[in-house]
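This report concerns only the one structure given below.
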Amino acid sequence: MGTGIAEVLAQAGREVIGIDISEAATRRATAALAAATARSVARGRLTEQEREGVLARFRTFTELTAAADADLVIEVVPESYELKQRLFRELDAIVRPDTVLATGTNALSVTRLAAESQRPERVLGLHFFNPAPAMKLVEVVSSVLTAPPAVEAVTLLARELGKEPVSVGDRPGFVADGLLFGYLNQAAAMYESKYASREDIDAAMRLGCGLPMGPLALLDLIGVDTARTVLEAMYASSGDRLHAPAPILGHLAEAGLTGQKSGRGFYTYGEPGGSTIVRDAQTPLDGARLVEGRPVAKVGVAGSGTMASGIAQVFAQAGFAVVLAARSQEKADAAKAAIGKSLGRAVSKGKLTEENAAQTLGRITAAGSLDAFADVDLAVEAVAEDLAVKQELFAALDKVCRPGAVLATTTSSLPVIAIARATSRPQDVIGMHFFNPAPAMKLVEVVRTVLTSDDVHATVREICVKVRKHPVDCGDRAGFIVNALLFPYLNNAVKMVEQHYASLDDIDAAMKLGGGYPMGPFELLDVVGLDVSLAIEKVLHKEFRDPGLAPSPLLEHLVAAGCLGRKTGRGFREYARR
């Protein structure tokens, strides 16, 4: 991190003094900067002359006195109050009275560190993200003691460095890590409980949320020990059980299994410091099938909305005969027409030929009654997210569908077992949670209940592969994988705004620039729908009974006011009516 910050500053024309504890450490820093700038030249980002200028502006020392004339000192030493406080006390005796002292901490209290300084008004947090040359976000952290001119100076500097500064108050984790580490902690706890495999948890969040890395792989990259330290600090401040480090983090850290840097954490790596994951005892066997699935040639899809149409299109494009049934022939025909338009868009974008589109649409039969499901091998419901409605539908499917047909629900939040018990054959019922839009999203959460038979589970996994989706296994509990990890994170973002800790824009920017999220939490909430989000959060809170999962009152107030997001023109933000 220190070398990365030095590279950013030197490339922006600043004279940089790097100080470390030994000559060996400073040599490593110089070598790292030389290698990084050489890569930039090779990629055409720097000329050789510019590289020489960067290297000339970087000098290294082993004594703090080298910082005597600095305008700004940034510390990125290990996360220890004792170490950082001693450093600030020593700097007080060396630097000028107007020198700004910045801590790079992401876990410790800036106020507590500032209080140890003779001039606390000049101490603030300047939190770069790793790797500093690539990551755009910089959190500028003020304590109650920080003078505004110091904040203004480093905010201006961050902009001149080509970064996006966001101003935040002093609390452990600040914005980006404050939201990120709670999510990572829940993922670790989910894995520890053996609810889902590490591969399925990571694949679910990559494919279901568009994240660049899964949470367990990210913990290995950050360092399991570092994550535990951050969470300990957050929990000490918040008392929120969601921040109480999952025991597995402590067990791994104490065993020296700290992630990529040690060669093993949640995953095993080819070498310490490497990023290539290698097979270990927990790696699933490729293509291993203990049970044969049931043959599926014809699929029934119940529903007439966007999800039903999308699922019908997915199956038809994969070559299956599809019956799309709705409450009336008119609704079924409209749903099939919507598929035709979707296929037409794919043709216009060059993703599909006109012949393939016509063949796909020809495989779909629109029906105004579930009676058309009499000979399907797999029935998939995609109706309203209402338990009574789904139970009534499954009771009807139980009477119509032939013995041995697999019955699947696309619920995202309801107990699959409660739906299955509406039939006389709960062993044939399974959850098959597609993500919207179904033709584009690769993930399907496969949810088996305590009664689901092995061959039904095998059937659905095989079908997912045939329709080019990635199946992940999970048990029948609220939120499954994606929503159980996503919505507490979204809820915590709302609580940050509710507490006036940071603005909507700063939080969205922090998570996109610092966390690699494709959308900020408030952008996502407005797209999903605040009413839908609230309903899922209520289900999670009811099932897990954790006070930290209680929906934010602000979210409840917005829903009560009819501000449901993009679909109503107003949610957390206002949108132009089309």
Q. Does the side chain of Ser412 pick up a donor-acceptor pair with the side chain of His433 at under 3.5 Å?
A. no
Q) Are the side chains of Pro471 and Val460 in touch, meaning some heavy atoms are under 4.5 Å apart? A) no
Q: Check whether the side chains of Asp505 and Ser503 place a donor and an acceptor atom closer than 3.5 Å, and report yes or no.
A: no
Q) Counting N and O atoms only, with roles assigned by atom type, does the side chain of Lys495 sit under 3.5 Å from a partner on the main chain of Gly548, one being a donor and the other an acceptor? A) yes
(Q) Test your reading of the model: is there a side-chain donor-acceptor pair from Asp454 to the backbone of Val291, 3.5 Å cut-off? (A) no
Q) Can you tell me how far the CD atom of Gln186 sits from the CZ atom of Phe544, to the nearest 0.5 Å? A) 9.0 Å
Q) Has the side chain of Glu164 got a donor or acceptor atom that lies under 3.5 Å from a matching backbone atom of Lys136? A) no
Q | Glu462 and Arg294 ion-paired at < 4.0 Å | A | no
Q) Taking all atoms of both residues into account, what is the closest heavy-atom pair of Lys469 and Ala438, and its distance? A) NZ-O, 2.6 Å
**Q.** N-O pairing of Asp280 and Arg198 below 4.0 Å
**A.** yes
Q: Give a yes-or-no answer on whether the side chains of Asp506 and Ser167 include a donor-acceptor pair shorter than 3.5 Å.
A: no
Q | Test item: Met213 and Asp202 side chains (from C-beta on) under 4.5 Å apart, heavy atoms | A | no
Q: Using the salt bridge (charged side-chain N to carboxylate O under 4.0 Å, His left out) rule, take Glu254 and Arg228 through it: C-alpha gap first, then chi angles, then the decisive distance, then the call.
A: CA-CA 11 Å; Glu254 287 160 14; Arg228 185 191 182 199; 3.3 Å; yes
Q: State, with a plain yes or no, whether a side-chain heavy atom of Tyr517 is found less than 4.5 Å away from one of Pro212.
A: no
Q) Can you name the closest pair of heavy atoms from Leu231 and Phe181 and give their distance? A) CD2-O, 3.4 Å
Q: Might you point out which heavy atoms bring Val539 and Ala478 nearest each other, and give the distance in Å?
A: CG1-CB, 3.7 Å
Q.
Tell me whether Arg57 contacts the main-chain N or O of Ala10 through its side chain, where contact means a donor paired with an acceptor under 3.5 Å.
A. yes
Q: State plainly whether the residues Lys261 and Asp225 are in salt-bridge range, i.e. N to O under 4.0 Å.
A: yes
Q. Can you check whether Thr105 reaches Leu113 side chain to side chain, under 4.5 Å on heavy atoms?
A. yes
Q: Would you sort out whether Glu139 and Lys163 count as a salt bridge (charged side-chain N to carboxylate O under 4.0 Å, His left out), showing the intermediate values?
A: CA-CA 10 Å; Glu139 291 176 320; Lys163 303 299 182 184; over 6 Å; no
Q. Does the side chain of Arg51 pick up a donor-acceptor pair with the side chain of Thr37 at under 3.5 Å?
A. yes
Q) Going from CZ on Arg45 to CZ on Arg39, what distance comes out if it is rounded to the nearest 0.5 angstrom? A) 10.0 Å
Q.
Strictly distance-based, threshold 3.5 Å: is any side-chain N or O of Arg448 a donor or acceptor partner for the main-chain N or O of Thr452?
A. yes
Q: Look at the aromatic rings of Tyr489 and Tyr183 and report parallel, tilted or perpendicular, splitting at 30° and 60°.
A: tilted
Q.
Rounded to the nearest 0.5 Å, what separates atom OH in Tyr191 from atom CG in Leu219?
A. 12.0 Å
**Q.** Flag side-chain contact, heavy atom, 4.5 Å: Leu157 against Leu72
**A.** yes
Q: Work out which heavy atom in Leu513 is nearest to a heavy atom in Met135; give both atom names and the distance.
A: O-CE, 3.3 Å
Q.
So does Val41 get a backbone contact from the side chain of Arg43, meaning a donor-acceptor N/O pair under 3.5 Å?
A. no
(Q) On a heavy-atom basis, which atom in Gly178 and which in Met234 lie closest, and how many Å separate them? (A) O-CE, 3.3 Å
Q. Hey, does the side chain of Glu50 reach the backbone of Thr47 with a donor-acceptor pair shorter than 3.5 angstrom?
A. yes
Q) Given side chains that start at C-beta, do those of Leu126 and Val141 come closer than 4.5 Å, heavy atoms only? A) no
**Q.** Cys209 SG to Leu524 CG distance, which is reported to the nearest 0.5 Å
**A.** 7.5 Å
(Q) Any non-hydrogen side-chain atom of Glu63 less than 4.5 Å from a side-chain atom of Ile19? (A) no
(Q) Which label fits Tyr269 and Tyr267: parallel for a plane angle under 30°, tilted from 30 to 60°, or perpendicular past 60°? (A) perpendicular
Q: Might you work through the side chain to side chain contact (heavy atoms under 4.5 Å, CB included) test for Ile507 and Val166, ending with a clear yes or no?
A: CA-CA 8 Å; Ile507 293 172; Val166 297; over 6 Å; no
Q. If only atom types and distance count, is the side chain of Asp170 paired as donor or acceptor with the main-chain N or O of Val110 below 3.5 Å?
A. yes
**Q.** Spacing of CG belonging to Asn492 relative to CG belonging to Asp240, to within rounding of 0.5 Å
**A.** 6.5 Å
**Q.** Donor-acceptor contact below 3.5 Å, side chain Ser262 vs main chain Gly256
**A.** yes
Q.
To the nearest 0.5 Å, what is the distance between CD on Glu523 and CG on Asp508?
A. 4.5 Å
Q. Within the distance-only criterion (no hydrogens, no angle test), does the side chain of Glu445 pair as donor or acceptor with the backbone N or O of Met432 below 3.5 angstrom?
A. no
**Q.** Glu75 and Thr103 side chains, donor-acceptor separation under 3.5 Å
**A.** yes
Q.
Do Asp473 and His457 pair up side chain to side chain, a donor and an acceptor below 3.5 Å, judged on atom types alone?
A. yes
Q: Give a yes-or-no answer on whether the side chains of Thr229 and Thr226 include a donor-acceptor pair shorter than 3.5 Å.
A: no
Q) Closest approach of Val175 and Met511, non-hydrogen atoms and distance? A) O-SD, 4.4 Å
